[in-house]
2 protein chains.
Amino acid sequence: MLVEGDRPLRSDAAKNRERLLRAAGQVFEAQGLEASVADVARAAGVGMGTLYRRFPSKDALIDALVTGVLEATVAMAEEAAEQPDGLGLEKFLAASASYEAEHVGCLPKVWCNDHELIHVARRLIARLLADAKVHHRVREDLTTTDITLAKWSIRGVLETAGGTNPQIWQRHLDLLIAGMRPAGDKLPHRPVSQAQVDRIRYSSQADPCVS
Amino acid sequence: MLVEGDRPLRSDAAKNRERLLRAAGQVFEAQGLEASVADVARAAGVGMGTLYRRFPSKDALIDALVTGVLEATVAMAEEAAEQPDGLGLEKFLAASASYEAEHVGCLPKVWCNDHELIHVARRLIARLLADAKVHHRVREDLTTTDITLAKWSIRGVLETAGGTNPQIWQRHLDLLIAGMRPAGDKLPHRPVSQAQVDRIRYSSQADPCVS
DNA sequence: TCGTAAACGGAGTGAAAACTCCGTATTGTC
DNA sequence: GACAATACGGAGTTTTCACTCCGTTTACGA
């Protein structure tokens, strides 16, 4: 998944790599993704050379953070799948929102579509949704793309509010889940097709989001 | 509201000002706010000097766009207030989402809290919400901060998906409104206080959002 | 039509930030 | 303990981009 393909890292290099990732998360959360790499290096207590030896570009550094979030997301989806009674979907949404709240820094780059792990997560979410329907936890006309939109929306709340305050995303998730509950009427508009979602490349950045 | 305090603009200057605003909207939508001002000037067909004579900084240009969106938002809220039967809130949410979808470029800077017009809009929204409650269109435990979160969430969807496709935000708004509908149970978590919302300064940019 | 105040274009400037280079230091193996 | 191989720091390079300056042009009242 990461750039290092060959032999294991020397111990100091491995330690600095972790430091850099941790520092990058903090700096990007505090200043946004336009924070300078020099700031990240300083926060990590290493030199620029070290940063660039480990991550060939700023984009690669961000991508490593994104990959971490996505791996955690997939893990949470797998764990939620073991929840009985069709409550896995809700559990997953809460768990991943909570995790994202702690990693706000790289969120703008997380839910673009280029990343392999996103497709893995999406398949798992589809199963969670199906299970929730079997147990009549959610309305019949709910689709996986609705869940995708819900995740984008939580990201919007987290990015605006910062990840500090759990109340904020919890209350918003309450509202979303209330909207997902079974109801007599269908949602007024047609669901968004998966193809439409796939076509989106996250336009608010000019460059493709994974380096 | 705008920087020009004195005499009216000469005709060519006024024309170029409009061109610049239109071009800025398009360029920022296509490339994000980190697009260069040179690109904006080129798209508008004017020189750098003209841009900077009209808008003293890039931030001021963005702020002019933001002000336009907020003025439209206030106008839409006022219009929605005339809707009978407590449907004004839903009408407003749909109208403002539709408008924002056409002005995705500057959205990242719109819903920070520093702008005077935001408070105006918020007061209008509070009245729309109260009216919706009187007519039992929404649940009793819904608060104005919930609407604020809903607007942030729509912004998240629009920013990710781009403003091009109305289906996307409509379907998401369907879900939100379904969650707002009257129900037997209360939402699990406590509502977010207005003070908490006011404390947020939109952290994903380091600088304060209005120049 | 003429004069002037206002506006125009766009090359030039300075700062900021991504990325490189290389002399020095550290790790881990024989 | 010595010696490669690997990693380290941080000053220097290059590029990008916001912003300025000034000679030329345009609008518009008299």
Side-chain angles (χ1 to χ4, degrees), chain A residues 2-21 23-24 27-28 30-65 105-106 109 205-211, chain B residues 2-21 23-24 27-28 30-65 105-106 109 205-211:
Chain A
L2 288 168
V3 203
E4 335 285 344
D6 296 333
R7 69 188 79 257
L9 287 175
R10 225 170 73 175
S11 65
D12 51 349
K15 193 184 65 186
N16 282 335
R17 187 174 187 283
E18 291 313 308
R19 275 192 193 177
L20 278 165
L21 284 174
V27 170
F28 290 146
Q31 305 183 34
L33 286 176
E34 59 287 350
S36 72
V37 288
D39 273 358
V40 172
R42 200 173 313 122
V46 305
M48 297 286 287
T50 302
L51 190 155
Y52 274 92
R53 202 167 312 103
R54 215 44 62 205
F55 303 98
S57 68
K58 183 180 181 180
D59 262 9
L61 173 60
I62 293 171
D63 190 41
L65 288 173
C106 61
K109 295 272 191 175
Q205 298 287 105
D207 47 354
C209 86
V210 172
S211 58
Chain B
L2 287 170
V3 205
E4 335 286 344
D6 297 331
R7 69 189 80 258
L9 288 175
R10 224 170 72 174
S11 64
D12 51 349
K15 193 184 66 185
N16 281 336
R17 187 174 186 283
E18 291 311 309
R19 275 192 192 177
L20 278 165
L21 284 174
V27 170
F28 290 146
Q31 305 184 34
L33 286 176
E34 60 285 351
S36 71
V37 288
D39 274 358
V40 173
R42 198 173 313 123
V46 305
M48 297 283 288
T50 301
L51 190 156
Y52 274 93
R53 202 167 311 102
R54 217 44 63 204
F55 304 98
S57 69
K58 183 180 180 180
D59 262 9
L61 173 61
I62 294 171
D63 190 42
L65 289 173
C106 61
K109 295 271 192 178
Q205 297 287 104
D207 48 353
C209 87
V210 172
S211 59

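Because only heavy atoms are used, hydrogens play no part in the values below, and waters and symmetry mates are left out as well, while side chains stay in. By convention in this document, chain letters (A, B, ...) are assigned in the order of the sequence lines, proteins followed by strands, and residues within each chain are numbered from 1.
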Answer yes or no: does a side-chain N or O of [X] lie under 4.0 Å from OP1 or OP2 of [N]?
| X | N | result |
| --- | --- | --- |
| A:Asn16 | D:dA7 | no |
| A:Ser57 | C:dA18 | no |
| B:Tyr52 | D:dT20 | no |

Nearest whole Å is fine: how far is [N] [atom2] from [X] [atom1]?
| X | N | atom1 | atom2 | result |
| --- | --- | --- | --- | --- |
| B:Leu33 | D:dA18 | CG | P | 11 Å |
| A:Arg42 | C:dA16 | CZ | C1' | 13 Å |
| B:Lys15 | D:dA27 | NZ | P | 8 Å |
| B:Phe55 | C:dA7 | CZ | P | 13 Å |
| B:Arg19 | C:dA7 | CZ | P | 16 Å |
| A:Ile62 | C:dA18 | CD1 | P | 9 Å |

key: Donor-acceptor pair, side chain of B:Lys58 and main chain of B:Ser36, under 3.5 angstrom   =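 Answer holds: no.
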
task = For B:Ala14, report the nucleic acid contact type (base, sugar-phosphate, nothing); a contact means any heavy atom under 4.0 Å.
result =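 Counting heavy atoms under 4.0 Å across all strands, no contact is made by B:Ala14.
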
query = With respect to B:Arg54, which candidate in B:Leu21, B:Val46, B:Asn16, B:Leu9 satisfies the side-chain contact (heavy atoms from CB on, under 4.5 Å) definition?
reply = B:Leu9

task = Using heavy atoms to find the nearest nucleotide of DNA chain D for B:Arg10 and B:Ser36 separately, return the residue whose nucleotide is more 5′.
result = B:Ser36

query = Which heavy atom in A:Ala44 sits nearest to a heavy atom in A:Leu20, and how many Å separate them?
reply =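 Nearest heavy atoms, A:Ala44 then A:Leu20: CB-CD2, 3.7 Å.
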
task = Indicate yes or no: at least one non-hydrogen side-chain atom of B:Val37 is less than 4.5 angstrom from one of B:Phe55.
result = no

At a cut-off of 3.5 Å, list every protein nitrogen or oxygen paired with a nitrogen or oxygen from nucleotides 10-13 of chain C, distance to 0.1 Å.
residue, atom, partner, partner atom, Å
C:dG10, N7, B:Met48, N, 3.3
C:dG10, N7, B:Gly49, N, 3.3
C:dG10, O6, B:Gly49, N, 3.0

message = Would you compute the distance between atom CZ of A:Arg17 and atom CG of A:Leu61 and round it to the nearest 0.5 angstrom?
response =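 One gets 9.5 Å once the value is rounded to the nearest 0.5 Å.
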
message = Between B:Asp12 and B:Lys15 (salt bridge meaning N to carboxylate O under 4.0 Å), is one present in this structure?
response =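 Between B:Lys15 and B:Asp12 there is no salt bridge, as every charged N stays at least 4.0 Å from the carboxylate O atoms.
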
